[in-house]
Amino acid sequence: MSNELQNIKNRFGIIGNFPVLNRALEKAIQVAPTDISVLVIGESGVGKEFIPKIIHSESKRKHQPYIVVNCGAIPEGTIDSELFGHEKGAFTGATATRKGYFEVADGGTIFLDEVGELPLQTQVRLLRVLESGEFMKVGSSQVQKTNVRIVAATNVNMMKAIHDGRFREDLFYRLNTVQIDMPPLRERKGDIHLLFRKFSIDFAEKYRMPELELEPSAVHYIENYAFPGNIRQLRNLVEQMTVVERNREITVEKLAEYIPMETHLPMVVNNQNTQKQNDFGSEREIMYKILFDMRSDINDLKSLTSELIKNKGTADLSNQEKNLINRIYSAEQAQPVAQNSLLYFEDKSPVAQNAPTIMSNADDSYEDIEDIEIEENRPESLSLQNNEKDLIIKALDKHKGRRNRAADELGISQRTLYRKIKQYNLED
């Protein structure tokens, strides 16, 4: 097999001894005598087109037609006509009957490059050809037979294409009877310098110029470059440098001018589609905003509860409701509820200790409102209060002191905002 493999490399001009590359070529030689369908997988520019050529040349169909079809280059409206032919008058411009590729290649091999770009309607027709060898021309009702070996290739992630509904799963498994993977150039580091020398010789002969040579440091540089365009990119690089560079000895500095090493820097992505534009510079401030909103809502509920009790008394409250109120107001206490609570009920006799005084005025004057919040000296509480104060200052500055708009910005009521302004001494 090694001699046969080397003969194949020499015949098709394939350079490299990477094990995965050798395995791909060996598999192509193995399946060539059969009529089994083959799917070649690999990135753009890795040389997938050599596999169908090898398969056809080593098969019993080698004296029959070999047709290459780039599925991504044919417009969607005409691809059915190109593949399967059409009858005269089948559509506007069809002035004569035309044979398609499957009819012309009868007995031979068709290479469907970029098969992942086929439209879904064409995929159905192709599946029928693979399963029964039957097809119909566009505009015809007559079934025709063809005996064609199909080799397909793609750089598309087929599993993702199937998941997204862009490629039929049954067609994929029918094409993928044998899969041959072509490795990217970045995984063939030992072959990069060999390919560079081969292309240098070819282009030096073509343009009648001296060959390019790489310094040792440049060899190390080029072998560690990612080459997103693979062999095609390397070939174009050598051709460009052969024509442009006067000095035939290439240094690492000169090479870096053509293929600079990529640096992956972090990117800050700004989302411009949010419903409200926030002035928060970090996720941490957003979390503080959420906690601030929750805390404000709880304080509003406490104020409402205190006002209801003050105005209507506790005669209509059940024991469960009294226990709930005690638990809410004692959550912020470090001492037992019975010793220092805002509201405490014993049996059916209400006892109010340090009860909050809340006044409600029609003109929204809140000078006599007493803050019901209990200050805590824990570091995390102080940090939260500092951020809360900063958010209020930002909102007031943004809206030029207009408290109604600042309250809307913060997502709290005007009453709560007024209370916070007094608490943090933010009066004008």
Side-chain angles (χ1 to χ4, degrees), residues 20 23-28 30-56 59 61 66-86 100-103 105-106 108-138 140-141 143-184 187 230:
V20 177
R23 177 57 184 153
L25 299 177
E26 290 172 356
K27 188 182 288 189
Q30 269 185 294
V31 302
T34 69
D35 284 336
I36 198 168
S37 57
V38 177
L39 180 62
V40 186
I41 301 292
E43 297 178 7
S44 178
V46 296
K48 298 188 292 295
E49 66 277 2
F50 288 110
I51 299 299
K53 290 180 181 179
I54 294 172
I55 292 175
H56 179 71
S59 71
R61 300 172 181 266
Y66 172 72
I67 296 179
V68 179
V69 182
N70 190 333
C71 300
I74 305 175
E76 183 174 345
T78 62
I79 191 167
D80 285 350
S81 173
E82 294 287 331
L83 292 176
F84 309 106
H86 63 258
Y101 296 132
F102 279 97
E103 187 175 357
D106 189 18
T109 304
I110 284 186
F111 172 40
L112 299 177
D113 196 11
E114 303 302 337
V115 71
E117 305 296 332
L118 280 176
L120 288 172
Q121 181 180 356
T122 307
Q123 293 177 30
V124 177
R125 289 173 173 263
L126 179 59
L127 181 62
R128 185 179 180 185
V129 174
L130 284 166
E131 291 178 343
S132 62
E134 297 178 348
F135 69 95
M136 287 191 297
K137 292 182 178 180
V138 177
S140 174
S141 59
V143 177
Q144 294 183 242
K145 298 281 291 187
T146 186
N147 179 18
V148 173
R149 169 79 173 275
I150 296 179
V151 181
T154 183
N155 60 3
V156 174
N157 185 332
M158 298 302 284
M159 290 294 102
K160 186 176 187 303
I162 292 171
H163 181 267
D164 295 341
R166 294 183 287 109
F167 201 85
R168 292 179 62 92
E169 186 175 10
D170 48 2
L171 177 58
F172 169 73
Y173 288 116
R174 190 65 181 81
L175 287 171
N176 196 36
T177 308
V178 173
Q179 178 174 315
I180 297 179
D181 296 296
M182 292 294 288
E187 295 180 4
N230 294 292

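Note that the numbering runs from 1 along the sequence shown for the chain. Nothing here was measured: the structure is a model prediction, and the numbers come from that model.
With a 4.5 Å cut-off on side-chain heavy atoms, Val148 and Val129 do not count as touching. A 4.5 Å side-chain heavy-atom check between Glu117 and Thr154 finds every atom pair outside the cut-off. Side-chain contact between Ile55 and Thr109: absent, with no pair of heavy atoms (C-beta onward) separated by less than 4.5 Å. Using a 4.5 Å heavy-atom cutoff, the side chains of Glu187 and Val20 are not in contact. Looking only at side-chain heavy atoms (C-beta outward), Leu112 and Leu126 come within less than 4.5 Å of each other. Put simply, the side chain of Asn147 does not reach to within 4.5 Å of the side chain of Lys145, judged on heavy atoms. Looking at Arg168 and Ile162, their side chains never come closer than 4.5 Å, going by heavy atoms from C-beta outward.
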Review point. Is there a side chain to side chain contact (heavy atoms under 4.5 Å, CB included) between Lys27 and Ile51 once you walk through the steps?
Key: CA-CA 9 Å; Lys27 188 182 288 189; Ile51 299 299; over 6 Å; no
Exercise for review: Given side chain to side chain contact (heavy atoms under 4.5 Å, CB included), test Arg166 with Leu120 step by step and report yes or no.
Suggested key: CA-CA 7 Å; Arg166 294 183 287 109; Leu120 288 172; 5.9 Å; no
Exercise for review: May I have the step-by-step check of side chain to side chain contact (heavy atoms under 4.5 Å, CB included) for Asp80 and Phe135, ending in yes or no?
Suggested key: CA-CA 11 Å; Asp80 285 350; Phe135 69 95; over 6 Å; no
Exercise for review: For salt bridge (charged side-chain N to carboxylate O under 4.0 Å, His left out), just list the numbers for Asp164 and Lys160, CA-CA rounded to whole Å, side-chain angles, deciding distance to a tenth of an Å, and then say yes or no.
Suggested key: CA-CA 6 Å; Asp164 295 341; Lys160 186 176 187 303; 2.9 Å; yes
Review point. After noting the C-alpha distance and the side-chain angles of Arg128 and Val143, does the key distance pass the side chain to side chain contact (heavy atoms under 4.5 Å, CB included) rule?
Key: CA-CA 11 Å; Arg128 185 179 180 185; Val143 177; 3.8 Å; yes
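Rounding to the nearest 0.5 Å gives a distance of 12.0 Å between CD of Gln123 and CZ of Phe172. Rounding to the nearest 0.5 Å places CD of Glu103 at 8.0 Å from OG1 of Thr146. The distance from the NZ atom of Lys48 to the CG atom of Asn230 is 8.5 Å, given to the nearest 0.5 Å. Summarising the geometry, atom CZ belonging to Phe167 is positioned 11.0 Å from atom CD belonging to Glu169; distances are rounded to the nearest 0.5 Å. Taken from NZ in Lys137 to OG in Ser81, the straight-line distance is 9.5 Å, to the nearest 0.5 Å. If you take OH on Tyr101 and CD1 on Ile79, they are separated by 9.5 Å, rounding to the nearest 0.5 Å.
Under the ring-ring contact (aromatic ring centres under 6.0 Å, His included) criterion, Tyr66 pairs with His56, sequence neighbours left out. Applying the ring-ring contact (aromatic ring centres under 6.0 Å, His included) criterion to Phe111, with sequence neighbours excluded, gives no partner residue.
For the residue pair Gly108 and Arg61, the shortest heavy atom distance occurs at O-NH1, 3.2 Å. Residues Ala105 and Ile110 approach most closely at CB-CG1, 3.6 Å, considering heavy atoms. Of all the heavy atoms in Ser59 and Ala32, the pair that sits closest is CB-O, 3.1 Å. Scanning both residues, Cys71 and Val115, for their nearest heavy atoms gives SG-CA, 4.2 Å. For Leu39 against Ala153, the heavy-atom pair with the smallest separation is CD1-N, 4.2 Å. Closest approach of Met182 to Gly47, counting heavy atoms only: CE-O, 3.7 Å.
Counting heavy atoms of neighbouring residues, nucleotides and ligands inside a 6.0 Å radius, atom CD of Gln121 does not exceed 12 of them. More than 12 heavy atoms of other residues, nucleotides or ligands sit less than 6.0 Å from atom CD of Glu131.
Among Leu130, Leu127, Asp170, the one residue that satisfies the side-chain contact (heavy atoms from CB on, under 4.5 Å) test with Leu175 is Leu130.
A donor-acceptor pair under 3.5 Å is formed between the side chain of Arg149 and the backbone N or O of Thr34.
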